[in-house]
Amino acid sequence: MSDLVVVSNRGPARFALAADGSLEVLHGAGGLAPSLVRALGGTGSLWVAAALSEADRRGARRAEHATLASGTALRLVEVPEALGDAAWRVIANGTLWNLAHGLFDLVHRPVFDRRWHEAWEGYRAFNRLFADEVARHASEGATVIVNDYHLFLVGGFLRAERPDLRTLHFTHTPFPDPRELDVLPRAVGDEVLAAMASYGACAFHTARWAESFRSCCAARSVTPPALAVVPLGTDADALGAFAASAPVTAAGARLAEQVAGRSLVLRSDRLELSKNLVRGFLALEELLDTAPQWRGRVLFLARTYPSRTDLPEYLAYRATVESTVERINERFADRDGGPILLEVADDYPASVAALAASDVLLVNPVRDGMNLVAREGPVVNGVDGVLALSREAGAFAELGAAALEVEPFDVSGTAQALHAGLSMPSDERRLRAEALRALAPGLAPARWLERVIAA
């Protein structure tokens with residue numbers, strides 16, 4: 001039994017099969033969960049997450065839990081395959097993610113047919129599995145922090161099963177405004193709001209997303225719970241130490257050979273619709289058309305890693321990304337190849353090395369709850385790199401004054417921001433970089449956790 005329970009779809013570690021057939025625990029390198037689990041050290045906490053692989057499912061069947069390096073216990077919820085397909089692919093990633101990030105092409109999608117409504121029943125059952133696991137292992141009066149859109153409904157089930165618990169839901173994505181929420185079937189939208197109102201509190205990264213939630217509640221006569229705005233930062237000390245590690249140093253040496261004296265424009269994202277990769281490449285193309293002095297003098301490195309490869313629209317988007325890069329590289333080919341280097345691989349040391357060396361970091365999402373890359377880049381950058389940041393990223397609320405503002409749909413404006421970043425005088429680069437280094441760390445995960453628990 002635990003006095004502090006953290007709940008998320010993806011956990012801070014996963015199981016893998018060792019060479020001898022036994023199970024071993026592999027810890028994540030970057031992102032929210034690994035940072036947060038370090039902050040949980042010494043709390044005697046429990047982390048409940050979904051089993052996402054066959055090795056995870058074997059781990060979930062163990063009678064005992066896994067213990068992570070921080071001392072946090074990890075329990076994995078075994079989700080039946082059909083239920084997981086409905087909850088993850090159709091509802092969480094296919095509907096709620098797109099709704100939160102404003103990605104629906106309303107002429108064609110969404111379509112709420114019989115199959116979709118059956119999937120919603122699966123999403124509801126998925127949330128109940130998590131609530132049941134928490135109810136079994138949370139101490140009397142425990143604090144329970146539930147994370148993200150996969151688990152909106154857990155609060156309602158816990159209110160019924162364990163009213164003694166202190167519960168909070170943290171939404172790491174944007175929250176739709178009332179008109180956007182109206183896209184969902186009315187009963188489904190009402191169910192989401194009612195479940196979120198069942199938590200003791202709801203928290204968001206920015207005041208904008210909290211206000212969207214409040215407005216949705218007001219539009220439907222729902223009394224919201226206590227609301228908190230707690231913007232997550234990065235663990236600057238841990239990130240700085242990792243940036244000085246041997247794997248990052250080796251990756252940096254390889255990158256220097258690839259850059260070959262050119263200026264480096266970087267993006268580091270999941271290969272995901274909301275990250276807006278294609279418009280970033282089109283902005284580079286326009287830059288090379290309108291400011292030909294940059295031809296042969298700039299390398300645009302896109303470090304991405306695959307995401308949601310089971311969804312057709314993501315496979316189609318990757319094909320568009322690759323064909324756009326190929327076309328632009330053919331147009332501007334020179335002795336070093338084309339101006340864009342697309343690397344699709346989950347290689348965290350290489351990403352940190354690139355952040356440290358970038359002259360311009362482009363972060364231009366269509367919409368983001370926070371965007372930790374915008375924070376991590378200035379923390380590790382060693383060349384007074386410029387941040388070109390979408391005003392639709394949650395991080396813009398804190399970092400926008402020291403960054404170059406980008407409007408995500410304005411390709412010409414993004415091209416101008418790239419030109420400004422590459423051309424910026426050294427004194428201005430230094431002043432902006434100093435301001436970003438001061439602002440970017442924000443609330444370290446340990447302090448963020450304290451604030452969330454207090455909420």
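Scope of the values below: all heavy atoms of this structure, side chains included, with no hydrogens, waters or symmetry mates. Positions are given from 1 along the sequence. Keep in mind that what you see is a predicted model, and the values were worked out from it rather than measured.
Between the side chain of R295 and the main chain of L288, a donor-acceptor pair closer than 3.5 Å is present. The main-chain N or O of V154 is found under 3.5 Å from a side-chain atom of N127 such that the two form a donor-acceptor pair. Remark: side-chain polar atoms of S8 are not paired, donor with acceptor, to backbone N or O of V146 under 3.5 angstrom. Proximity of a side-chain donor or acceptor of R303 to a complementary backbone N or O of Y348 within less than 3.5 Å is not detected. A distance-only check finds a donor-acceptor pair linking the side chain of D177 to the backbone of R179 [under 3.5 Å]. In this structure, N381 contributes its side chain and S358 its backbone to a donor-acceptor pair below 3.5 Å. Listed for the H205 side chain is a donor-acceptor partner under 3.5 Å among the backbone atoms of L232. At distances below 3.5 Å, not a single donor-acceptor pair connects side-chain atoms of R432 with backbone N or O atoms of D384. Formation of a donor-acceptor pair under 3.5 Å by the N371 side chain with backbone atoms of V363 is not found in this model. A side-chain donor-acceptor contact under 3.5 Å links S53 to the backbone of D56.
In R270, the CZ atom is crowded: over 12 heavy atoms of neighbouring residues, nucleotides or ligands sit closer than 6.0 Å.
Applying the side chain to side chain donor-acceptor pair (under 3.5 Å) definition to pairs two or more places apart or across chains, those involving residues 435-455 are R447-E450. Pairs of residues two or more places apart, or lying in two chains, that qualify as salt bridge (charged side-chain N to carboxylate O under 4.0 Å, His left out) and include a residue from residues 397-406 are R375-E398, R391-E405.
Separating the OG atom in S351 from the CG atom in D346 is a distance of 7.5 Å, to the nearest 0.5 Å. Here E272 contributes atom CD and Y317 contributes atom OH; the two are 8.5 Å apart, rounded to the nearest 0.5 Å. One finds the OG1 atom of T414 at 10.0 Å from the CG atom of L282 (value rounded to the nearest 0.5 Å). To the nearest 0.5 Å, atoms CG (D359) and CG (L266) are separated by 10.0 Å. A distance of 10.0 Å separates CZ of F281 from CD of E322, quoted to the nearest 0.5 Å. Taking OG of S268 as the start and CG of L372 as the end, the distance is 11.5 Å to the nearest 0.5 Å.
Looking at S390 and E407, their side chains never bring a donor and an acceptor atom within 3.5 Å of each other. Side chains of T72 and S45: a donor-acceptor N/O pair is present below 3.5 angstrom, by distance only.
Residues L355 and V373 meet the side-chain proximity criterion, which asks for heavy atoms closer than 4.5 Å. Under the 4.5 Å side-chain criterion, counting only non-hydrogen atoms from C-beta, V183 is in contact with P110. The shortest distance between side-chain heavy atoms of L40 and W47 falls below 4.5 Å. Using a 4.5 Å cut-off on side-chain heavy atoms (C-beta onward), R267 and N364 make contact. Using a 4.5 Å cut-off on side-chain heavy atoms (C-beta onward), P12 and L36 make no contact. Contact annotation: the side chain of D347 never approaches that of Y305 to less than 4.5 Å [non-hydrogen atoms, C-beta and beyond]. Inter-residue side-chain proximity for R308 and R89 is flagged as unmet; no heavy-atom pair is nearer than 4.5 Å. With contacts defined as side-chain heavy-atom distances shorter than 4.5 Å, the pair V265/L301 does not qualify.
What you find for G421 and V360 is that their closest heavy atoms are C-CG2, 3.7 Å. Nearest approach of R57 to L52, heavy atoms of both residues: NH1-C, 4.3 Å. For A440 against P378, the heavy-atom pair with the smallest separation is CB-CB, 3.9 Å. In terms of heavy atoms, P178 sits closest to S212 at CD-O, 4.5 Å. Closest non-hydrogen pair, L389 versus A403, comes out as CB-CB, 4.0 Å. Of all the heavy atoms in I145 and L4, the pair that sits closest is CD1-CD1, 4.2 Å.
Taking a cutoff of 4.0 Å between a charged side-chain nitrogen and a carboxylate oxygen, R279 and E285 do not qualify as a salt bridge. With salt bridges taken as basic N to acidic carboxylate O contacts below 4.0 Å, one links R430 and D427. Salt bridge status for R327 with E330: absent, with no side-chain N to carboxylate O gap under 4.0 Å. A salt bridge is absent between D334 and R262; no separation between the charged side-chain nitrogens and carboxylate oxygens falls under 4.0 Å. With respect to the salt-bridge test (charged N to carboxylate O, under 4.0 angstrom), the residues R331 and E326 do not qualify. Under 4.0 Å is where a charged nitrogen must lie from a carboxylate oxygen, and between D105 and R109 no such pair does.
Of the options Y149, W97, Y123, F126, a ring pair (Phe, Tyr, Trp, His ring centres under 6.0 Å) to W88 is made by F126 and by none of the others.
Relative orientation of the F213 and F204 rings is tilted, given thresholds of 30° and 60° on the angle between their planes.
In this view, Y199 and H169 satisfy the ring-ring contact (aromatic ring centres under 6.0 Å, His included) rule, not counting sequence neighbours.
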message: With side-chain hydrogen bond (donor to acceptor under 3.5 Å, both in side chains) as the criterion, how do E343 and T304 come out once you've worked through the C-alpha distance, each side chain's angles and the decisive distance to 0.1 Å?
response: CA-CA 6 Å; E343 296 184 345; T304 71; over 6 Å; no

field: Full working for side-chain contact (heavy atoms from CB on, under 4.5 Å) between D235 and D237
entry: CA-CA 6 Å; D235 188 336; D237 292 338; 3.9 Å; yes

field: Evaluation steps, side-chain contact (heavy atoms from CB on, under 4.5 Å), between V278 and N276
entry: CA-CA 6 Å; V278 171; N276 206 20; over 6 Å; no

